Each structure stands twice: as C-alpha cells, then as structure tokens.
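Okay, handing you the structure first.
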Amino acid sequence: MSLAEAEEPAKHPKRIENPKATCPRHPTKDWRALVERAWEAGWWCEWRDHYIRCSPPDPTRMAVSLPSTPSGGRALINNTKMMERSGLPKK
C-alpha cells in the first residue's frame, strides 16, 4: 500500500467545518509536540483561558486540557497517557 492509498485519520467535526484552522502553539516545546501529534491524528485543539483543550474525533471519548504552565515533572507523562486513553495513537 502506498502513502497515497493510506487512509486519513478521522477528523473532529470542528476540523471539517474549519478546514483553514491551524494547530495552536503551546509555549513549551515538549508539550508542543503532544499538541501537534493530536492535531495530526484529527483532534480539535483550541486555546481556552490558560490551557489548550484537545478533543478527540470520537465524541464518546473524553477531551483533555493541557495547561500552559504545567505544575509537576510528571504532568506531561500523565496528560500523554490520558490522551492515549481517549484515543490518541501511540508513537
């Protein structure tokens, strides 16, 4: 199977409504990679007050909020696992 024949991931309805929308940029480099990974997987990510809210394409799954100022050393790991439980494909 060639790359052209590969299926695109399912997209969140807001991504379909807004085809020109772009991935939000997280202020921390490590967290930025997680947001970009979710965006490439078809998730809808948007800024809310002081966090980025990431919603999976499947409406039955839980949305995850990523803080702009993480509080602990395991915050990135914990949020990554939470997003994977909500349907984000593993690396």
Side-chain angles (χ1 to χ4, degrees):
M1 178 185 276
S2 70
L3 292 175
E5 296 173 355
E7 287 187 35
E8 282 198 31
K11 288 189 178 179
H12 191 276
K14 287 186 178 181
R15 291 274 308 270
I16 296 169
E17 292 173 13
N18 304 305
K20 293 184 179 182
T22 58
C23 180
R25 186 177 165 101
H26 197 281
T28 309
K29 183 173 70 170
D30 297 337
W31 288 75
R32 192 175 308 141
L34 179 61
V35 174
E36 289 172 356
R37 190 171 128 202
W39 189 263
E40 290 171 4
W43 288 46
W44 176 253
C45 304
E46 63 183 341
W47 272 105
R48 300 276 180 116
D49 296 330
H50 298 287
Y51 61 91
I52 295 178
R53 181 147 178 101
C54 298
S55 303
D58 183 2
T60 62
R61 300 288 187 129
M62 182 177 74
V64 179
S65 299
L66 304 177
S68 61
T69 54
S71 60
R74 287 196 50 90
L76 177 60
I77 296 167
N78 292 340
N79 280 296
T80 301
K81 293 297 181 183
M82 197 180 316
M83 289 179 74
E84 288 173 354
R85 285 191 298 269
S86 290
L88 182 66
K90 294 185 180 190
K91 285 184 183 181

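Values below: all heavy atoms of this structure, side chains included; hydrogens, waters and symmetry mates excluded. Because the structure is predicted, anything quoted here is derived from the model rather than measured.
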For residues 47-56, dump all side-chain donor-acceptor pairs below 3.5 Å to protein atoms at least two apart in sequence or in another chain.
| from | atom 1 | to | atom 2 | distance (Å) |
| --- | --- | --- | --- | --- |
| Arg48 | NE | Glu46 | OE2 | 3.4 |
| Arg48 | NH2 | Glu46 | OE2 | 2.9 |
| Arg53 | NH1 | Ser65 | OG | 3.2 |

Looking at residues at least two apart in the chain, or sitting in another chain, which of them share a side-chain contact (heavy atoms from CB on, under 4.5 Å) with Met82?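 In terms of side-chain contact (heavy atoms from CB on, under 4.5 Å), with neighbours along the sequence ignored, Met82 is linked to Met62, Val64, Asn79, Arg85.
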Ala75 to Pro70 - nearest heavy-atom pair and separation: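 It is CB-CB, 4.0 Å.
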Enumerate donor-acceptor pairs with a distance under 3.5 Å from any side-chain N or O in residues 30-38 to protein atoms, sequence neighbours excluded.
| from | atom 1 | to | atom 2 | distance (Å) |
| --- | --- | --- | --- | --- |
| Arg32 | NE | His26 | O | 2.9 |
| Arg32 | NH2 | His26 | O | 3.1 |
| Arg37 | NE | Pro89 | O | 3.4 |
| Arg37 | NH2 | Glu84 | OE2 | 3.0 |
| Arg37 | NH2 | Pro89 | O | 2.9 |

Got a sec, which pairs hit salt bridge (Lys or Arg N to Asp or Glu O under 4.0 Å) with one end in residues 61-73, sequence neighbours left out?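 Non-adjacent pairs meeting salt bridge (Lys or Arg N to Asp or Glu O under 4.0 Å): Asp58-Arg61.
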For Thr69, give me all partners under side-chain hydrogen bond (donor to acceptor under 3.5 Å, both in side chains), at least two apart in sequence or on another chain.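 None.
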Locate the shortest heavy-atom distance separating Ser68 from Thr28; write the atom from each residue and the value.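 For Ser68 and Thr28, the tightest heavy-atom pair comes out as O-OG1, 4.3 Å.
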For residues 14-24, which side-chain N or O atoms pair as donor and acceptor with protein atoms under 3.5 Å away, sequence neighbours left out?
| from | atom 1 | to | atom 2 | distance (Å) |
| --- | --- | --- | --- | --- |
| Arg15 | NH1 | Trp39 | O | 2.7 |
| Arg15 | NH1 | Trp43 | O | 3.0 |
| Asn18 | ND2 | Lys14 | O | 3.1 |

